[in-house]
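No experiment lies behind these values; they were computed from the predicted model shown. Values below: every heavy atom of this structure, side chains too, minus hydrogens, waters and symmetry copies.
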Amino acid sequence: MTAPTDAEPGPNVARMYDYYLGGCHNFAADRAAAEQILRIFPDTGIAAQANRHFLRRAVRHAAELGVRQFLDIGAGLPTQGNVHEIVRRVAPESTVVYVDYDEVAVTHARRLLPADGRTSVVRGDLRRPDELLAHPDVRAAIDFGRPVAVLLVAVLHFVTDAEQPWDAVVRLREATVPGSPLVVSHLTTDGAPPLPTRQGQAVYQRSSTPLVPRPHADVLRFFDGYDLVDPGLVRVAEWRPDGEPRERISHGYAGMGLRR
């Protein structure tokens with residue numbers, strides 16, 4: 001991997017997530033911060049796996065609905081079970097665009113992901129949706145006149161209220177046609193003890209991006225203008241389980257909506 005830049009000496013949330021998943025694309029600062037989180041919430045690795053399994057189920061379901069374009073925003077570092085690997089088991093002709101604002105993640109993804117003309121990696125920022133949507137590589141790969149699945153998996157909780165995440169999602173919704181899926185998973189502190197929650201957030205305050213868990217009602221707002229797919233917005237492990245090993249640990253909510 002490319003080493004962190006001088007401007008980013010501290011832990012990076014994408015690489016911390018990679019560490020939770022058992023990956024090797026992380027540095028000492030990332031591992032140290034992740035270990036702090038694991039001491040506070042020992043089941044974080046299990047929750048990260050549950051989130052990854054949700055992504056697999058949601059992407060597969062979108063493909064089974066006939067969607068052939070996928071825009072994965074906040075994709076992070078490539079790991080096992082990437083979107084293009086999942087969707088092409090159902091529809092090999094599908095197009096996948098991975099987007100992340102982190103330069104290291106983008107550089108590494110470009111090295112690892114296939115150069116097959118149907119998989120693209122773009123540096124872009126969810127917090128600047130108009131720039132993201134206008135990126136020439138996005139426009140070249142995605143036909144916004146046809147349904148496109150917008151994937152916001154474990155990313156919105158890294159966007160503060162002041163950065164207007166709901167407005168960003170509205171802009172993404174407006175760019176897509178009816179029937180386009182929105183896939184969201186989002187960390188919550190609903191039911192979590194206050195002290196460990198504050199301790200965990202303090203660790204992320206020292207990372208590349210602060211952590212903003214949200215209650216169910218606030219996460220549900222992201223689906224304004226969408227019809228929720230059954231079973232609605234539920235705990236991550238409870239969204240359309242399909243017989244795989246069931247992680248009962250869910251640190252967040254997950255759902256899919258179809259644009260009206």
Side-chain angles (χ1 to χ4, degrees), residues 50-51 54-55 57-76 83 96-101 122 124-135 138-139 142-192 209-240 250-260:
N51 188 71
F54 160 70
L55 172 66
R57 298 194 300 272
V59 166
R60 187 182 65 195
H61 185 63
E64 289 170 348
L65 292 175
V67 178
R68 297 295 180 263
Q69 303 183 106
F70 295 79
L71 185 60
D72 186 359
I73 302 174
V83 172
V96 178
V97 178
Y98 294 101
V99 180
D100 205 281
Y101 80 97
V122 172
D125 195 330
L126 170 61
R127 296 166 294 189
R128 295 193 285 275
D130 290 324
E131 291 180 21
L132 190 161
L133 292 165
H135 194 289
V138 173
R139 304 305 298 189
I142 300 291
D143 176 3
F144 285 96
R146 298 188 294 120
V148 52
V150 176
L151 312 178
L152 300 174
V153 176
V155 64
L156 286 163
H157 50 238
F158 294 116
V159 183
T160 67
D161 289 2
E163 292 169 321
Q164 301 178 322
W166 293 279
D167 290 348
V169 175
V170 167
R171 182 67 192 93
L172 294 169
R173 184 192 72 210
E174 291 173 344
T176 61
V177 299
S180 294
L182 172 69
V183 176
V184 169
S185 67
H186 196 298
L187 189 70
T188 188
T189 54
D190 288 353
T209 312
L211 189 63
V212 189
R214 293 186 172 97
H216 188 275
D218 285 352
V219 180
L220 190 60
R221 286 176 55 197
F222 290 117
F223 289 99
D224 287 351
Y226 291 86
D227 293 320
L228 281 169
V229 171
D230 184 70
L233 182 65
V234 296
R235 290 284 181 167
V236 172
E238 301 303 318
W239 195 87
R240 303 178 75 90
S250 293
H251 287 181
Y253 296 112
M256 174 191 288
L258 301 179
R259 188 194 190 285
R260 296 187 192 120

Using modelled atom types only, decide if a donor and an acceptor are shared between the side chain of [X] and the backbone of [Y] within a distance under 3.5 Å.
X	Y	answer
Arg139	Leu133	yes
Arg259	Pro181	no
Thr188	Pro213	no
Glu131	Asp125	no

Do [X] and [Y] come close enough that some side-chain heavy atom pair is under 4.5 Å?
X	Y	value
Asp161	Trp166	yes
Val183	Phe54	yes
Val97	Val148	no
Leu55	Ser185	no
Arg240	Val229	yes
Asp224	Val170	no
His186	Pro165	no

Any chance you could measure [X], atom [atom1], to [Y], atom [atom2], to the nearest 0.5 Å?
X	Y	atom1	atom2	value
Met256	Arg57	CE	CZ	11.0 Å
Leu156	Phe222	CG	CZ	4.5 Å
Leu126	Glu163	CG	CD	9.0 Å
Asp100	Tyr98	CG	OH	12.0 Å
Leu152	His157	CG	NE2	11.0 Å
Leu151	Leu71	CG	CG	7.5 Å

| query | Pick one: which of Asp190, Val184, Leu220 meets side chain to side chain contact (heavy atoms under 4.5 Å, CB included) with Tyr253? | reply |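 When side chain to side chain contact (heavy atoms under 4.5 Å, CB included) is applied between Tyr253 and each of Asp190, Val184, Leu220, only Asp190 qualifies.
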Exercise: identify the closest heavy-atom pair between [X] and [Y]:
X	Y	result
Leu258	Gly179	CD2-O, 3.9 Å
His251	Leu187	O-CD1, 3.1 Å
Pro178	Pro147	O-CG, 4.5 Å
Gly232	Trp239	O-CD1, 3.5 Å
Gly255	Leu233	N-CD1, 3.9 Å
Phe70	Ala62	CE2-CB, 3.8 Å

| request: May I have the step-by-step check of side chain to side chain contact (heavy atoms under 4.5 Å, CB included) for Val150 and Ile73, ending in yes or no? | output: CA-CA 7 Å; Val150 176; Ile73 302 174; 4.1 Å; yes
| Over-ring placement of Arg260 relative to Tyr226, 6.0 Å and 45° cut-offs | no
| query | According to the side-chain hydrogen bond (donor to acceptor under 3.5 Å, both in side chains) rule, which pairs have a member within residues 170-179, sequence neighbours left out? | reply |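 Found Asp130-Arg171.
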| request: With sequence neighbours left out, write down each residue that passes side-chain contact (heavy atoms from CB on, under 4.5 Å) with Glu64, or none if nothing qualifies. | output: Arg60, His61, Val90
